[in-house]
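Counting starts at 1 for both ligands and their atoms, following the listed order. No experiment lies behind these values; they were computed from the predicted model shown.
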Amino acid sequence: MAIKKVMVIGAGQMGSGIAQVCAQAGFDVLLHDMKEAALDKGISTIEKLLTRAVEKDRISEADKTSTLDRLTKSTNLEDAKSCDLVIEAVVENMDVKTKVFQQLDEITPKHAILASNTSSLPITEIAAVTNRPDQVIGMHFMNPVPVMKLVEIIRGLQTSDATYQAIEKMTNDLNKTPVEVNDFPGFVSNRILMPMINEAIYTVYEGVASPEDVDTVMKLGMNHPMGPLTLADFIGLDTCLYIMEVLYEGFGDSKYRPCPLLRKYVKAGWLGKKTGRGFYQY
Ligand code: NAI
């Protein structure tokens, strides 16, 4: 069954980006959010990004218009009844996600694939609340979605080969590069990235070097485009802590112990760029 119509749930940072790339690739897209205001903000962000792409000659005015024509707002989850694929990008909370998947299992046609953009929650557990665990899969896009080429495709324990292949094709159609990953804490991306960020925080905590110097070492010495502490501030220190907790709990290994300085900053409300203060001030 070919994927033609897609619903993206959650019009936040990730959901609006996913809706944009799907519409640009020619799919009919319903962008759903429970908040009308979030939907309006999501659509206006997409409009701004497309306008900028026209100004930079990356797409034509006609491409922009046809992309926007393929995008429809939805505040009613029942609209998913006409979709071949649903990509969920609501808040990172297991209770909220499982409730959405239970409802989708009731609403969507039997052939529909249900995907989650979760960055850390187990796909196998999300799949288990549905009657179609073989058609549930992780599609982990990177932020910002229109720019980043990677999609980690997460196979839950029961994900079928047919589901994997359909999502692999879809990812290629979006002009992204798929990587096949089995369902383990942190998948590949966060299992490698977050311990590096956590270690960078330890080097500051232990007085080895200042945040600026740690970032300079990784930028100029390792050719990273951005230092790990700057990156942590962009991701959000609360998110970094949450993912370290997932790794620590999931593997039960002390090498994933979140740095006490990370906990302290999060307790202080220093969450990075979004709150104006993290390892740097904004
Ligand atoms: P966000 O907070 O920007 O957006 C979430 C949206 O979901 C909000 O507009 C909210 O109104 C809506 N929402 C919440 N519950 C809902 C429900 N039950 N039904 C419909 N809409 C609902 O969050 P963001 O950053 O876009 O993250 C979304 C997901 O993507 C999370 O699972 C996150 O872990 C994952 N992710 C985030 C990345 C990031 O860099 N922010 C990177 C990769 C994955």
Side-chain angles (χ1 to χ4, degrees), residues 7-22 30-46 49 73-80 83 86-108 114-123 125-126 129 136-154 171 174 176 179 181 183 185-194 197 226 230-247 271-275 278:
M7 176 182 267
V8 178
I9 306 187
Q13 227 185 135
M14 296 301 289
S16 61
I18 296 168
Q20 178 184 331
V21 296
C22 290
L30 285 168
L31 179 57
H32 169 85
D33 203 288
M34 58 183 191
K35 292 188 195 142
E36 188 88 46
L39 269 179
D40 291 340
K41 190 167 169 231
I43 297 283
S44 91
T45 303
I46 295 171
L49 291 176
K73 289 195 284 182
S74 153
T75 45
N76 185 357
L77 201 62
E78 291 287 332
D79 295 337
C83 293
V86 180
I87 306 174
E88 167 278 312
V90 304
V91 284
E92 190 76 344
N93 175 301
M94 193 52 137
D95 291 339
V96 178
K97 289 203 196 278
T98 49
K99 198 159 164 248
V100 169
F101 273 77
Q102 272 164 345
Q103 287 173 282
L104 288 173
D105 195 28
E106 302 270 312
I107 297 167
T108 54
L114 309 181
S116 174
N117 181 51
T118 179
S119 45
S120 63
L121 298 170
I123 295 300
E125 202 175 322
I126 296 174
V129 304
V136 176
I137 195 160
M139 263 184 117
H140 183 206
F141 289 83
M142 305 291 130
N143 191 10
V145 179
V147 177
M148 303 296 279
K149 295 290 284 179
L150 177 72
V151 179
E152 269 188 307
I153 304 183
I154 320 297
T171 303
L174 298 179
K176 306 267 181 217
V179 170
V181 178
D183 189 18
F187 312 137
V188 170
S189 51
N190 282 323
R191 181 167 177 176
I192 296 172
L193 174 67
M194 283 304 159
I197 286 177
M226 190 186 278
T230 304
L231 181 57
D233 274 358
F234 276 118
I235 294 171
L237 301 188
D238 50 343
T239 305
C240 293
L241 178 58
Y242 182 79
I243 295 171
M244 282 312 295
E245 300 277 22
V246 167
L247 293 172
L271 306 183
K273 193 160 183 281
K274 63 186 169 189
T275 59

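- Residue nearest to atom 18 (N) of ligand 1, selected from Ile87, Val100, Thr239: Val100 (by heavy-atom distance).
- When non-hydrogen atoms are compared, ligand 1 lies under 4.0 Å from the side chain of Ala38 (C-beta onward) but not from its backbone.
- By the criterion of a heavy-atom distance under 4.0 Å, the side chain of Lys97, and not its backbone, is placed next to ligand 1.
- Look at His140 and you'll find a heavy atom under 4.0 Å from some atom of ligand 1.
- When the heavy-atom distances from atom 12 (C) of ligand 1 to Asp33, Val90, Asn117 are ranked, the shortest goes to Asp33.
- Backbone and side-chain nitrogen or oxygen atoms of Ser119 are examined, and one is located within less than 3.5 angstrom of a nitrogen or oxygen of ligand 1.
- Among protein heavy atoms, atom 24 (P) of ligand 1 sits closest to Met14 CG, 3.9 Å.
- Separating the CD1 atom in Ile46 from the NZ atom in Lys41 is a distance of 12.5 Å, to the nearest 0.5 Å.
- Ion pair Lys73/Asp33 not flagged as a salt bridge, since none of the NZ, NE, NH1 or NH2 atoms sits closer than 4.0 Å to an Asp/Glu carboxylate oxygen.
- Distance check on atom 7 (O) of ligand 1: some protein heavy atom falls below the 4.0 Å cut-off.
- Closest to atom 33 (C) of ligand 1 among all protein heavy atoms lies Glu92 OE1, 3.6 Å.
- Between Gly10 and ligand 1, not a single N/O pair is under 3.5 Å apart.
- Judged purely by atom type and a 3.5 angstrom limit, Lys97 has no side-chain atom pairing as donor or acceptor with the backbone of Glu88.
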For side chain to side chain contact (heavy atoms under 4.5 Å, CB included), just list the numbers for Asn143 and Met148, CA-CA rounded to whole Å, side-chain angles, deciding distance to a tenth of an Å, and then say yes or no.
-> CA-CA 7 Å; Asn143 191 10; Met148 303 296 279; 6.0 Å; no

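- Looking at atom 20 (C) of ligand 1, its nearest protein heavy atom turns out to be Met34 N, 3.4 Å.
- Remark: side-chain polar atoms of Thr275 are paired, donor with acceptor, to backbone N or O of Leu271 under 3.5 angstrom.
- Side-chain N or O atoms of Glu152 include one that pairs as donor or acceptor with a backbone N or O of Val188 at under 3.5 Å.
- At under 3.5 Å, a nitrogen or oxygen of Asn143, whether backbone or side chain, sits near a nitrogen or oxygen of ligand 1.
- The protein atom (non-hydrogen) at minimum distance from atom 5 (C) of ligand 1 is Ala89 O, 3.9 Å.
- In this structure, the separation between CD1 on Ile197 and CG on Asp233 is 9.5 Å, given to the nearest 0.5 Å.
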